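A, B, ... follow the sequence lines: proteins, then strands. Residue 1 opens every chain. Note that the coordinates shown come from a computational prediction; the quantities given were computed from them, not determined experimentally.
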Amino acid sequence: MRISRGPSEGYVRSKVPKGFHLEIARKIQTALAGRVIEDDLISIDSVDLVTGIDVAYINRGSTEIGVSVASTYSISKSLIIEWSCWIGPIYFPYVPTLLSFRELKPVVNAYLRLRTKSQVILIDGHGRAHPYRLGIASHFGVCMHIPTIGVAKSLLYGRVDRVEGPILDISTDEVIGWAIQCAPSKPTYVSVGYGLSLRSAVDLVKRLCVGSQMPIPILHSHNMANNLKKRIIGKLMSKASINELDNECRISMSNYL
DNA sequence: GCGACAG
DNA sequence: ATCTTGTCGC
C-alpha cells in the first residue's frame with residue numbers, strides 16, 4: 001500500500017522562480033484539464049507506431065542543458081523506426097506539479113523533429129494522475145491534440161492499495177490512473193494523457209513493457225538521451241556552443257533516417 | 001509540527 | 001533527474 005498527497009502549496013511557492021505567478025499557472029492547468037478527452041479517439045487495435053519521449057539534464061553551476069529524445073517504435077516490425085533529438089537551455093527548475101513548465105518545451109521540440117508521425121505518444125511523467133488533472137502528458141496532448149499516455153516510475157498524487165490496481169484520488173476516490181508491475185518489485189504508473197481511455201492506455205503500455213519498468217519507446221529515448229549526454233560532457237556550454245551541439249545532434253539523428 | 005514530492 | 005565510491009552478483 002502506498003499513499004501520496006502531493007506537495008503542499010507552500011512548498012511549491014518556495015520553489016517557484018521570482019516573477020512566476022502560481023495562481024495563473026493553476027488557472028491554466030485547470031482550464032486545460034477541462035479539455036482533456038478520455039475516450040478513444042483511435043482504435044487501440046489499429047495502433048502500430050508509438051513514440052516515447054524522455055529528457056536528460058546536464059548541470060554546470062548556473063547553466064542547465066536539456067537533452068530530449070523522441071523514439072518511434074513499430075509494433076508490427078518490433079523495431080525503432082526513427083528517433084530525433086533536441087538540445088537546448090533549461091530555465092525553469094523542477095517543481096512537483098509544475099513539470100510541464102520545465103519539460104514541455106524540450107519534449108515538444110524533440111517530437112516536432114520526427115519525420116514520421118505516430119498514433120500515440122508516451123511521455124515520462126503523469127497524465128491525469130495529477131492534483132490539477134494536468135500532468136505533462138495531458139498538457140502535451142491537449143496542446144498538440146494527439147493521443148498521449150503518462151508513464152511514471154513513482155507517484156506524485158493519489159493512493160494505491162494494491163501492487164496492481166487503480167490510482168485513486170485521495171479525497172474523491174476517483175480513478176485517475178492504474179498501477180501495473182512489468183518488472184519485479186518495480187511499479188509502473190499509467191494514466192490517461194489525452195484521447196484514450198484508461199483501459200486502452202494500460203493495454204498499450206503492458207504490450208510495450210518487455211520485462212522492464214518502462215515501455216520500449218521511452219526506454220530507447222532514455223538510452224539515446226544519456227548516450228548523447230555522455231558525448232557532450234566535457235565540452236563548454238556558452239550560448240553559441242549549445243546551439244552548435246544542437247546542430248550536431250540534428251545531423252546525427254538524420255544519419256538514421 | 002514535520003514531512004510527503006512526476007523528472 | 002543528477003552527483004557519486006564502493007560493493008555485490010552474474
Side-chain angles (χ1 to χ4, degrees), chain A residues 1-16 22 25-26 29 33 52-70 86-110 121-141 148-160 167 169-171 176-180 184-194 201 205 213-215 218-219 221-230 232-234 237:
Chain A
M1 180 217 263
R2 176 167 182 178
I3 293 179
S4 174
R5 292 167 43 181
S8 69
E9 287 300 291
Y11 175 82
V12 170
R13 263 205 170 69
S14 71
K15 300 280 287 184
V16 154
L22 182 57
R26 294 308 189 203
Q29 291 181 314
I53 309 177
D54 193 25
V55 186
Y57 295 92
I58 302 171
N59 265 295
R60 265 202 201 173
S62 57
T63 309
E64 189 166 27
I65 301 295
V67 180
S68 56
V69 173
W86 177 87
I87 296 175
I90 301 295
Y91 303 110
F92 201 86
Y94 167 70
V95 182
T97 71
L98 296 174
L99 181 61
S100 308
F101 294 84
R102 172 175 171 82
E103 278 200 0
L104 201 52
K105 177 181 174 180
V107 165
V108 168
N109 282 335
I121 313 292
L122 269 37
I123 298 177
D124 63 302
H126 293 286
R128 287 209 66 203
H130 177 282
Y132 293 87
R133 297 289 185 278
L134 195 86
I136 186 169
S138 296
H139 202 147
F140 181 99
T148 60
I149 300 172
V151 187
K153 294 180 289 297
S154 63
L155 221 48
L156 167 69
Y157 176 79
R159 183 182 84 243
V160 172
I167 301 173
D169 186 289
I170 287 293
S171 50
I176 56 178
W178 209 268
I180 61 179
S185 305
K186 289 182 177 180
T188 299
Y189 300 102
V190 179
S191 60
V192 171
Y194 180 84
V205 173
Q213 186 179 23
M214 295 298 274
I218 291 183
L219 218 50
S221 291
H222 184 84
N223 293 333
M224 293 305 297
N226 281 115
N227 287 342
L228 286 171
K229 177 181 165 181
K230 286 175 185 175
I232 293 170
I233 289 181
M237 307 198 303

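Closest contact between the side chain of A/H222 and the listed nucleotides B/dG3, C/dA1, B/dC5 involves C/dA1. With distances taken from any side-chain atom of A/A152 to the nucleotides C/dT2, B/dG7, B/dC5, the minimum falls on B/dG7. When each of B/dG7, C/dT2, B/dC5 is scored by its nearest atom to the side-chain atoms of A/N59, the top-ranked nucleotide is C/dT2. Ranking B/dA6, C/dA1, B/dA4 by closeness to the A/R5 side chain, first place goes to B/dA4. In the set C/dT2, B/dA6, B/dG7, the nucleotide with an atom closest to the side chain of A/E103 is B/dG7.
Atoms CH2 (A/W178) and C1' (B/dA6) sit 20 Å apart, rounded to a whole Å. As rounded to whole Å, 12 Å separates atom P of B/dA6 from atom CG of A/L98. Counting to the nearest Å, the P atom of C/dA1 and the CG atom of A/D54 are 7 Å from each other. For A/E9 and B/dA4, the CD to P distance is 17 Å, given to the nearest whole Å. When rounded to the nearest whole Å, the span between CD of A/E64 and P of B/dG7 equals 16 Å. Between the C1' atom of B/dA6 and the CZ atom of A/F101 lies a distance of 15 Å, rounded to the nearest Å. Rounded to a whole Å, the CD1 atom of A/I90 is 16 Å from the P atom of B/dG7. Protein atom OH of A/Y94 is 11 Å distant from nucleotide atom P of C/dA1, rounded to whole Å.
Annotation for A/A25 and A/L98: closest pair CB-CD2, 4.4 Å, computed over non-hydrogen atoms. Nearest heavy-atom pair, A/E103 versus A/I136, reported as atom, atom and distance to 0.1 Å: CB-CD1, 3.5 Å.
Taking the side chain as every heavy atom from C-beta outward, A/P7 and A/L156 approach each other to under 4.5 Å. In this structure, A/I170 and A/I3 have side chains that are in contact, with non-hydrogen atoms separated by less than 4.5 Å. Side-chain contact between A/T97 and A/R26 is present, with heavy atoms from C-beta onward closer than 4.5 Å.
C/dA1 has no stacking from A/Y57 on its base ring, since the centres under 5.5 angstrom apart and planes within 30 degrees of parallel are not both found.
If you check every strand for non-hydrogen atoms under 4.0 Å, A/A129 touches nothing. When heavy atoms are screened at a 4.0 angstrom cut-off, A/K15 is found touching no nucleic acid atom at all. Note on A/I136: a base of the nucleic acid sits closer than 4.0 angstrom, heavy atoms only. In this structure, A/Y11 reaches the bases: a heavy-atom distance under 4.0 Å links it to at least one base atom across the strands shown.
Residue A/K153 places no side-chain N or O under 4.0 Å from the OP1 or OP2 atom of B/dA6. Here A/T97 does not reach the OP1 or OP2 of B/dA6: none of its side-chain N or O atoms lies under 4.0 Å away. Within the 4.0 Å cut-off from OP1 or OP2 of C/dA1, not a single side-chain nitrogen or oxygen of A/K229 is found.
Going from atom CD1 of A/I218 over to atom CD1 of A/I121 covers 10.5 Å, rounded to the nearest 0.5 Å.
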